[in-house]
**Q** 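Structure below; questions to follow.
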Amino acid sequence: VVQASGERIVRVGCPAHNCGGRCLLVAHVRNGVITRLGTDDRPDSPADPQLRACTRGRAYLRRQYHPDRLRYPLRRVGRRGEGRFERISWDSAIDLVACEIERVRDRHGNGALFVPYGTGSYNQTNGSQTARRLLNLYGGCLGIWNSYSWAAINVATPTVYGTLQTGNQRQDWLNSRYILMWGWNPAEMRDGTNSDWFVKLARQNGARTVCIDPRMSMSAAALADEWVPIRPGTDTALMTAMAYVIITEKLYDADFVRTHCSGFNASQMPPGCAEAESYSDYVLGSRDGVPKTPDWAERITAVPRETIARLAREYATTRPAVLYQGYGMQRRAYGEQVVRAGCTLAAITGNVGVSGGWASGLALQAPDGGPFWNTFPIGTNPVGASIPAFLWTEAVLRGPELGREHGVIFDGDDGRSDRRLDSSIRLIWAVATNALINQHANVNRTAQILADDSLVEFIAVQDNFLTPTARFADVVLPACTQFETWGLEDGWKYGDEVLLMPPLVDPLPMTKSDYRICAEVAERLGIGDAYTEGRDERGWVEWALERYRATRFPELPSLDELEASNAGVHSRAVMTPAVAFTDFRADPVAHPLPTPTGRIEIFSQQIHALGRPDEVPAVPKYVQEWESPFGPEAERFPLQAIGHHTMGRVHSTHDNNDWLQDAFPHRVFINELDAGARGIRDGDDVRVWNDRGSMVLPCRVTPRIMPGVVDIPQGAWWTPDGDGTDRRGCINVLTSERWTPLAWGNAQHTIMVQVERA
Amino acid sequence: MTRPAFHFDASACSGCKACVIACRDRNDLPAGVRWRRVYELAGGGWARQGDAWVNDVVAYNISMACNHCERAACADACPTGAMHTRADGIVAVDAARCIGCRYCEWACPYGAPQYDAAAGRMTKCTLCADDLAEGRQPACVAACPLRALETCDAAATPAGNGAAPGRGMRMQPLPDAALTRPALLVTPHAAAVRPDVGVAVANREEVTGAAVQRTLREPSLVTFTLLAQAAVGVTWALLALRAAGAAAGYALLPLVGAGALLAVGGAAAAAHLGKPRNAWRAAARVRTSWLSREIAAAMVFAVALAAALVAHAAGAGEAPVGSWLLGAAAAGGLALVWAMVHVYRLPSVPAWNTPLTMASFALTAAGLGALVAAWLMALAGAGHAWLAGLGALGGWLAPDAAAPPPTTLPVVSAAVALACDLLLEPARRDVRRTAARRVDTRLFPAAADPPAVRGAVRLQSASIALLGLLLLGQYALDRAGAAGLATLPNAVPAWLVAAVTGIALFFAAGAALRARAGFYAGYARIGL
């Protein structure tokens, strides 16, 4: 729409970076420059809410017009990781990438090629899937499964429910009477656009809300009636003690447990496991002699025993109730346990399959699993082997040793083979990712691995900026932004809409879309036509729209119509929110769960069969973490460090956005008592360190975090000085590469540190 | 008639700052200019209870732009009328008329006026008036992900802080709504009304403009107020001498000195303006703005002072016209001090809004002015040689050398004024303490007792002691002369009086400087 002033108003999906939202922007464009960003101005209702962009989206022009945008391809001239580059032409850059892919493929096989996990650009036509499609067409590459976000919850949820689709549509929260926001901070991390608003509406409808979190988060301040601080990594202990109260006071839904659950007590153990420890056995301590009382949990969690008992009674008796699990607590040692324990609480209180209730777990949205994330066809991978996303450094160091016990999935494997990877990773093509160094655990270790070019022989990085990852590139390919090319997105986990992303302005000269870059590499590799199928970016958007039309949105207008309407979004009102597991609830025999018993598996026979009860017990248990305030490591490193998702960034994206830094300056948050004991005052520069690394950054002394815990918002760009001390405050210089026992997932939040005045 | 107002639901504000960023983008605000700010309030603490941690921590946010008050303190303060209330109730800045004096910033208890240092003027929230006119919501309102910010009609709702319908709550640390009658409706956060836990602004650096911190123009304002008050005090001292029947011969040099002090002070005052060239507009609002009245009084004083100077130079100092003009200058000076005092009697600044400001300014004027007058008269009396060195000008300034300079009365007045000022120090300390308690939001860290003030007390005591010694010596010599001790002179020589009053003036000026710097450091605004 062109205004009289010559200004064009374009409604456009907010660029996607794996934040938890998918929102609508209203861009004002004049003379080829975006001058202003508004947000959704459609009518607003709970059924079809406005998709109001958050602070990050509203500050997007500072990223779009950042002076540091990459403006031409680069080739490394110094040592790898040193960050010295020279300008090269696109022709040589594309040649170099294509030649290296060919050379490494010929020398080490396709299994040596690798496109790492990354979500720096994350819509249907932009992001790493473009390179994955190319390599799959070129004979394949080493695949990945799972993510850094939801590793443990992805694996643990189906061990209880047989599915990830355990969530109701969010409008149903308005029917809840009690909401436990457990380690959940939707107002800041945006777990779905409007999730925070739905909690607000539920509260207005009379629901009591309690937030359990080591920090009094933005959500705790704005959405909760009560904040219950808890020692990080001990949530399962609190859940278990709540179960103790619920069981001993007979507050559980006995009928539902009898007909719908398995393994609750000795009377309902699955066949062949009659002698195994049931959930009640564990909670009551009938085998180990330790009843998991509130008293027991107080010592672990630092939550007062009366509070524990009260929470248990409130949650069990104020039905229907929601126990919503945040994801931070499953990015920890034994992160699978907290997921299974939360699902168990939901199950024994009968909050599964009812309106206003919540089954817990990952909670992809009923009735259809919600948004797609990715429709862009990456094809099948002829290599047929996928590693857990978090274990890629292992695949660099010792690929041929890795097999099933490291979580490698081989296509067509019967689960018993002793297959190993053919090769270590020898070429990395990192598209829109900073997970290669900044977001992966133990930065100093990763930097050493990457710097050794006898391991990974070639690294290409494709991004908008010279990120810490890009500094390790041999070739840097400058991508355009999502405002400069076609894109399409749907909701993130939740939502019933498709957002169109027409290009607003031309790409910066000498920058290209992810798809264009891959198409040119494909051309050099002789598979150009197979790659593009004759489509440009817009063509693929049209293709993806067809997919939506064939599935979730039969009524979806055509691309031409969507574009002409300038609506930017196609949404569907949710008048009657879907509730997960209603069929199962109504008739568990006719509609069994896709679990071995067909029931909610509080006891998992599959896990029992692993025979690793100390790390992966068959019923959810509290397991002391490998770095904890209760271990010997606490003598030198007495503080637990967590890294929450700050409003100032999406992971590491936007760390260089001055408006967001102005609004949310990066710093470590520390309790007044811990600061006082160290002579630290608000605003001081402090050193935070452990055996893996060290950083110096300003601090905020606050009562809003519990004593014994510090918080370094994750995602700051690693900026080592000459001594290797990070001067910016990337939490991953402190984190460990050790993975969780069942999901091979990242446990990056489990770290102990010390803090002193710098 | 409707009047647009903000409705802020503090109970549901997460502090995400989408409103802040949307405002910044919409209005192209430069760094440090924050039309909308989100204040994080936090308080409470932690204790061990067995193995558990218990706490009484509270935290909430206040998103604040401009409340377009019915009694806009900013507009009342504005000396040029640049800050004004439009017909539709929106308080706006007329950029062409703004001189960048930042007085509105002091007056507003919400921190709404925001100084644009590059442009040299004040700016502020416009309520996105052009959007409103076309039926769209202001950028901040349209942005709020939690729908915690809305517009409403101030005419239809009872305006007031925390006066949510049905609830008579007030929310810390918002000021009393009666002060300015803001077009603001607040739904308070449950934690905001807990009387047992004190809260403070926790994110000071995120809400203050980059230019606000320690750039309250103290140096230029300290200079201006001290020099102007000293100039006024000179005229008072001369008038008192005239009333006591002293000859006018020695008045000329003090009058020249007063003129010089006023000129330097005026230049210093103009220097702090964002737009010094617009300074001429500053007297435009004498009907509403004490700052305008101050400027107007300063002009009247300057004219009367110049006229008195001309009369004395023309030898008419002892004629009735000379006395009348001196009286006019002294009266103009009184008006100037009166206006100056009221410039600082801002309801938003409790440390200033006290009768002690009047006492302090008046005693400073009397003490410094009398000392300046005594010193210059003594200089003139002792300094024929150096005055002669100035040639014709020196001859013109040279008084009749036959009589000694009449310095006793000014020295006595100065000593008394300085001593009275010193006696008020405990009261001032009390006021500072009370004020600091009232505004303890950590937003403006109110120094209960600035270190500068302690130094001032010592210097002031030293100058009083010196003056006392001088008077004692004079008295002793008078008695000795009367006793017929002919070997001694019967008066302290003028050069010695010049030296001693000069040193006393140096100390007293230093003391006044420190005390005045402390006065500005005591600036701490109620509200946000």
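No hydrogens, no waters, no symmetry mates; every other heavy atom, side chains included, goes into these values. Quick note on labels: first sequence line is chain A, next is B, and so on, each numbered from 1.
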**Q** Check whether any side-chain N or O of W46(B) sits under 3.5 Å from a backbone N or O of P703(A) as a donor-acceptor pair, and report yes or no.
**A**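 Side chain of W46(B) to backbone of P703(A), a donor-acceptor pair under 3.5 Å: yes, one is there.
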**Q** Got a donor-acceptor contact below 3.5 angstrom from the R700(A) side chain to the A202(B) backbone?
**A**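 Side chain of R700(A) to backbone of A202(B): a pair is present.
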**Q** Using a 3.5 Å distance criterion without hydrogens, assess whether the side chain of K200(A) forms a donor-acceptor pair with backbone atoms of R147(B).
**A**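 Side chain of K200(A) to backbone of R147(B): a pair is present.
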**Q** With the side chain counted from C-beta on, respond yes when R305(A) and Q49(B) share a heavy-atom pair under 4.5 Å apart, and no when they do not.
**A**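 They are not in contact (no side-chain heavy atoms under 4.5 Å apart), so the answer is no.
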**Q** Evaluate side-chain contact (heavy atoms from CB on, under 4.5 Å) for K17(B) paired with M647(A), printing each intermediate quantity in order.
**A** CA-CA 9 Å; K17(B) 298 190 181 174; M647(A) 184 55 90; over 6 Å; no
**Q** Kindly indicate whether the side chain of D51(B), heavy atoms from C-beta on, has any atom under 4.5 Å from the side chain of T301(A).
**A**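 A side-chain contact under 4.5 Å is absent here.
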**Q** Given 3.5 Å as the limit, does a donor-acceptor pair link the side chain of R52(A) with the main chain of C144(B), or not?
**A**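 The answer is yes, because a donor-acceptor pair under 3.5 Å joins these two groups.
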**Q** Among T55(A), D662(A), L37(A), which residue meets the side-chain contact (heavy atoms from CB on, under 4.5 Å) test with I21(B)?
**A**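 It is T55(A); the other options fail the test.
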**Q** Would you indicate whether the side-chain heavy atoms of P304(A) and W53(B) approach each other to under 4.5 Å?
**A**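 W53(B) does not reach P304(A) side chain to side chain.
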**Q** Walk me through it: do Y60(A) and D25(B) pass the test side-chain contact (heavy atoms from CB on, under 4.5 Å)?
**A** CA-CA 10 Å; Y60(A) 212 91; D25(B) 184 53; over 6 Å; no
**Q** Measure D9(B) against the heavy atoms of chain A and call it side chain, backbone, both or neither at under 4.5 Å.
**A**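 Side chain only.
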**Q** Please list, in residue-number order, every residue in residues 186-194 of chain A that has a heavy atom less than 4.5 Å from any heavy atom of chain B; write 'none' if there are none.
**A**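 Contacts with chain B: A187(A), R190(A), N194(A).
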**Q** For a side-chain contact (heavy atoms from CB on, under 4.5 Å) check, start with the C-alpha distance between L223(A) and L146(B), then their side-chain angles and the critical distance, and finish with the verdict.
**A** CA-CA 10 Å; L223(A) 300 171; L146(B) 275 159; 3.9 Å; yes
**Q** Evaluate the side-chain proximity of V57(B) to W227(A): yes if any heavy-atom separation is below 4.5 Å, no if none is.
**A**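 Yes, their side chains come closer than 4.5 Å.
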**Q** Between M216(A) and A59(B), which heavy-atom pair has the shortest distance, and what is it?
**A**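 Reported closest heavy-atom pair: SD-CB, 3.4 Å.
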**Q** Indicate yes or no for a side-chain donor-acceptor contact from H189(B) to the backbone of A222(A) under 3.5 Å, with no hydrogens or angles considered.
**A**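 No: the side chain of H189(B) does not pair with the backbone of A222(A).
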**Q** Name the region of R48(B), side chain, backbone, both or neither, that has any atom closer than 4.5 Å to a heavy atom of chain A.
**A**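 Just the side chain, heavy atoms under 4.5 Å.
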